[in-house]
Amino acid sequence: MIRWLIKYVVIFVVLVLIQVLFLNQMQISGYLNPYIYILFVMLLPLSAPRYIVLLSGFLIGLTVDIFSNSLGLHAAATVFIAYIRPFIIRSISDREEEINDYPGLKQNKFSWFLYYSAVMVFFHHFILFYLEIFSFTQFFSTLLRVVLSSLLSVFVIVLSQFLIFRE
Amino acid sequence: MRSLLRYLLKNYAFVLFLLLEGAALALVFNHNSYQKSKYLNSSNRITGNIYQTYNSVVDYFHLNRINKELSEENAWLRSRVENITGVPAINDSLVVTLESADSTYRFISAKIINNSVNKPFNYFTLNKGRNNGIKPDQGVVTGKGIVGVVTHVSDSYAVGLSVLNSRWSISAMHKKSGNYGSLIWRGNDYRTADLTEIPLHVDISPGDSIITSGYSSVFPEGVMIGTIQDFSRPDGENYFNISVQLSTDFKALSYVEVIENQDKPEIKELENIIRDDPMAN
């Protein structure tokens, strides 16, 4: 139990630091803002109680918000994906195959993980970008930002599974 | 009643979701009027320290460029001082001259330790705060042009809105004709902003300088904003559509100066009298 706790605290700190000190500083273009800290919510064990998932989503979202002066935006988007996570997992998994309790890349099939991260990232970015701009006047340019940033985020998340979170 | 409780317990995840989402959205909408949240921004001590540490490491890679910028600014300032006083600015008489000059504005040097350019609303964090005399509503400039305005201050850090933030506009002036308008960033490119409210009869051409007007107490008059890049006359309107190339390179900000207007309390007091006066409206 304590080992798990320490492990997730370390992942939390590492992800927040990577996000605010590296990815937020990249400033490639307005269309490419990768947000990979939601990996924390994605990697919580499937057996974790739902209130833990929701609360940790809120916490990591709020932490990133404080660093990027966008109070509440990341928290709202992350709480949302933390809530829909069980439904996403249920809908993208076959009934026969057993899903590992730890939803990482190595523990599951590559296609499953890719699908899982793509759906989670898309929902998160969709809410984040539309809530940030808070208007539908530039609907399609915001949608383009959502799609392009999602592609980059999924790429970085999958890459990180090969590099850091290999277990 | 009991069945309601049972229902809530069974669906506690949904109730908790609504609570947390509600809390997050409440924060979003309260924060939009950006003066309210005092502690939950990057001027607080923990985030400030992390950015400061990070910045002290990364800074070594930019030293070359920063040195070059500072020496260019020095050269520019020295040539201005020489133009004003007529004596070479190397000897000590410089200090005396400046003291006797108009001292409405005081400049505080600070450093940007966190900055963004690619969001719809961009902010920056400074490494100085209340202890160094920085207060909200002070303007921030570099030798090249304006940067933004301070909004939140903690003991040793400060956060501000950069020009690249569509939540505010800057009172700007066309230098050649003296006509003024407002400069707004539209959220696309960090190198350009839009200038509106310059009437059609004004003679403008690409390359003209746009400077601050001095009508707000945030910036002194005549700080560089940028040059006219392109303009058009929209049909049926009385004003030009001007796009301004910003002179500040927002992607490479490091050392900046925070401007303190020492007459500001007096100006504010006067303006409040007019605003509260029923006869004036």
(request) Please look at B:D189 and chain A and tell me whether the side chain, the backbone, both or neither of the residue comes under 4.5 angstrom of a heavy atom of that chain. (result) neither

(message) I'd like to verify something: which residue of A:Y51, A:F67, A:F129 has the highest number of heavy-atom pairs under 4.5 Å with chain B?
(response) A:F67

(request) Would you mind checking if B:D59 and B:K111 are paired as a salt bridge, meaning a charged N to carboxylate O distance below 4.0 Å? (result) yes

(request) Hey, can you tell me if A:Y37 and A:H124 have their rings parallel, tilted or perpendicular (30° and 60° cut-offs)? (result) perpendicular

(message) Please check if the number of heavy atoms outside B:F61 that lie under 6.0 Å from its CZ is greater than 12.
(response) no

(request) Under 4.5 Å heavy-atom distance to chain B, tell me which part of A:V20 shows up: side chain, backbone, both or neither. (result) both

(request) Name the option with the most non-hydrogen atom pairs under 4.5 Å to chain B; the candidates are A:P86, A:A76, A:S141. (result) A:A76

(message) Does any part of the side chain of B:L195, heavy atoms only, come nearer than 4.5 Å to the side chain of B:F240, both counted from C-beta?
(response) no

(message) When you compare the side chains of B:N115 and A:Q25, does any donor N or O come within less than 3.5 Å of an acceptor on the partner?
(response) no

(request) Name the region of B:Y54, side chain, backbone, both or neither, that has any atom closer than 4.5 Å to a heavy atom of chain A. (result) side chain

(request) Would you mind checking if A:E132 and B:K119 are paired as a salt bridge, meaning a charged N to carboxylate O distance below 4.0 Å? (result) no

(request) Sort out for me which of B:F121, B:F14, B:F17, B:Y51 touches chain A most, counting heavy-atom pairs under 4.5 Å. (result) B:F17

(message) Under 4.5 Å from any heavy atom of chain A, what part of B:V159 do you find: side chain, backbone, both or neither?
(response) side chain

(message) Please classify the contact of B:Y190 with chain A as side chain, backbone, both or neither, using a heavy-atom distance under 4.5 Å.
(response) neither

(request) Could you look at A:L17 and say if it's the side chain, the backbone, both or neither that has a heavy atom under 4.5 Å from chain B? (result) side chain

